[in-house]
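Chain identifiers are assigned alphabetically (A, B, ...) following the order of the sequence lines, protein sequences preceding nucleic acid strands; residue numbering begins at 1 within each chain.
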2 protein chains.
Amino acid sequence: MQMKATVPITAAGLKTACSQCNLLELCLPFGMNDTELNRLDELVGGRRKIKRQQPLYRAGEPFEAIYAIRAGSFKTDVLLEDGREQVTGFQMTGEIIGLDGISTELHSCNAIALEDSEVCVIPYAKLEELSREIEGLQHQFHKVMSREIVRDHGVMMLLGSMRAEERLAAFLLNMSQRFTARGFSPAEFHLRMTREEIGSYLGLKLETVSRAFSRFQDEGLVAVQQKHIRILDNDGLKKLIQHQPGMR
Amino acid sequence: MQMKATVPITAAGLKTACSQCNLLELCLPFGMNDTELNRLDELVGGRRKIKRQQPLYRAGEPFEAIYAIRAGSFKTDVLLEDGREQVTGFQMTGEIIGLDGISTELHSCNAIALEDSEVCVIPYAKLEELSREIEGLQHQFHKVMSREIVRDHGVMMLLGSMRAEERLAAFLLNMSQRFTARGFSPAEFHLRMTREEIGSYLGLKLETVSRAFSRFQDEGLVAVQQKHIRILDNDGLKKLIQHQPGMR
DNA sequence: TTTTGTGGTTGACTTGGATCAACGTCAACA
DNA sequence: TGTTGACGTTGATCCAAGTCAACCACAAAA
């Protein structure tokens, strides 16, 4: 299942608004008229192709633009002085990446391509300028940032209060949902990241991730073959992240 | 050390921009001229006093405004169906709270006052409108949201990759820094939250937090008397969160 | 003044996930 | 066609933090 360079929008209600980045979150046409929608093309400063394992940007680099992922996927991570790595997120086709840089004008994390990928470059100055003129764009941009915050709170919940299997179940459901929103089958997908990267994201070691996958497989919740995942019992996974045995 | 209703700005470089919310992050006068600065008063839709333990807002309530904390402090938390609580952040005087609501028009977490507090209400529609007119305000608002994202990534790093003592050290240094920025002594402060709330935030049980405090006390890093904290060895704490013993 | 309740500390023990180690699979490449 | 190296799985052991329980301090209520 190779991801195509240009993914057609299939999810209900989505409309292509930006001819350059056909899935761009920012372009979802909320409250924009046709003239405004056409102006959105101005946003895109160009495109960049990033090879697998290569950085889109690195922590400490000056911040100039955010990026809309046209094709492929990325991870963002933060490094501690002693070498420990924390993956702070996975971004897939159609999503926005690079919001961390705005506060300090410097990127605060590394963004690494998980596969050969392509992004639309959105110069931040341009975005601020246009969103002063187009109310719908401004609102949409704020929503994207806010959604990022809410998503991070979800991860904090996961890291702070859940056990290993719950974390993995939540992760799989989240991935499934995001694939679905992009028009892929909800039940079957390829993970583009390694067990170690999943582990880092979930605050677990790779062995623990591997074992949890095996247990899910044994229990008939998912069929796992390396990076190929097929969800067999969605409700079973959901149940796992709610009431689990020993909670009083 | 009771926090006064109106905290004077003492940190270098800060200037009161908004007569209503004298410490409001949004009002830091970056790139705003005097006329614009005066218009910021329009932002404030009113004030609200919140008693200790009372909610400023609750998850699921419709989102209409963000809030600038004039006095006091809050925690934000998310609840799981089974009752588990995850504290996602602590907000103190001068900080902005409520950004989580923008993405869905619904608040996604609870904001509870840790002490009797007062906030300025900033109707979100008004903020969007004004920030379309005032470039400096727009940029400042984006910075506040982005900073929130970066801060959350820091917490994810903490929850995903650090051991108990490192987490508490990072927490104390962070608190110290935030108190300092508000003109208080960097070395001595009162925590307004319980051990259980700290634990929830750090992904630890209250007993673990308590023990870590005791160990810090034994090692001469801090003087702890219930909620009164005095940092004795700042560098010692910093060292703790970097190279700790058994890392290869 | 006693009672009650909330929050904090400390000790003994238990355990989930980390660590250490061996081995399997597969793709890239000499 | 080996050889190499990255990635994944599985087992045995260990330990940091969770759990359970006792107790203290102190403030508010009776």
What I want to check is whether an N or O donor and acceptor connect the side chain of [X] with the base of [N] at under 3.5 Å.
X        : N      : answer
B:Gln226 : D:dC26 : no
A:Glu197 : D:dC7  : no
B:Arg211 : D:dT19 : yes

Roughly, in whole Å, what's the span from [atom1] in [X] to [atom2] in [N]?
X        : N      : atom1 : atom2 : answer
B:Leu204 : D:dA17 : CG    : P     : 7 Å
A:Leu191 : D:dG8  : CG    : C1'   : 13 Å
A:His228 : C:dC26 : NE2   : P     : 15 Å
B:Met162 : D:dA17 : CE    : C1'   : 17 Å
A:Arg163 : D:dA17 : CZ    : P     : 16 Å
B:Glu207 : D:dC20 : CD    : C1'   : 9 Å
A:Leu168 : C:dG16 : CG    : P     : 17 Å
A:Ile198 : D:dG8  : CD1   : P     : 8 Å

- Message: I'd like to know whether CD of A:Glu196 has more than 12 heavy-atom contacts from other residues, nucleotides or ligands below 6.0 angstrom.
- Response: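 No - once you tally the heavy atoms of other residues, nucleotides and ligands closer than 6.0 Å, there are 12 at most.
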
- Task: Please tell me which of the listed nucleotides, C:dA21, C:dT10, D:dG8, lies nearest to the side chain of A:Arg195?
- Result: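 The closest nucleotide is D:dG8.
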
- Name the closest nucleotide to the B:Val224 side chain, picking from C:dG16, D:dA17, C:dT9.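 Selected nucleotide: C:dT9.
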
If the cut-off is 4.0 Å, is [X] near the phosphate of [N], judged by side-chain N/O to OP1 or OP2?
X        : N      : result
B:Thr208 : D:dA17 : no
A:Ser214 : D:dT10 : yes
B:Lys227 : C:dG7  : no

- Task: Hey, which sits more toward the 5' end of DNA chain C by its nearest nucleotide, A:Glu165 or B:Leu206?
- Result: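 Looking at the nearest nucleotide for each, B:Leu206 comes out on the 5' side.
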
- Contact class for A:Gly203 (heavy atom, under 4.0 Å): base, sugar-phosphate, or nothing?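 Sugar-phosphate: the residue A:Gly203, judged by heavy atoms under 4.0 Å, touches backbone atoms but no base.
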
- Query: With a 4.5 Å heavy-atom cut-off, do B:Val144 and B:Leu99 have their side chains touching?
  - Reply: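 They are in side-chain contact.
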
- Parallel under 30°, tilted from 30 to 60°, perpendicular over 60°: which one fits the rings of B:Phe179 and B:Phe189?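 Correct class here is parallel.
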
- Item | Lys/Arg-Asp/Glu bridge criterion (N-O < 4.0 Å) met for B:Arg84, A:Glu166 |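 Answer for the salt bridge query: yes.
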
- Query: Do B:Glu115 and B:Ser73 have a side chain donor and acceptor closer than 3.5 Å?
  - Reply: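 The answer is yes; a qualifying pair exists.
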
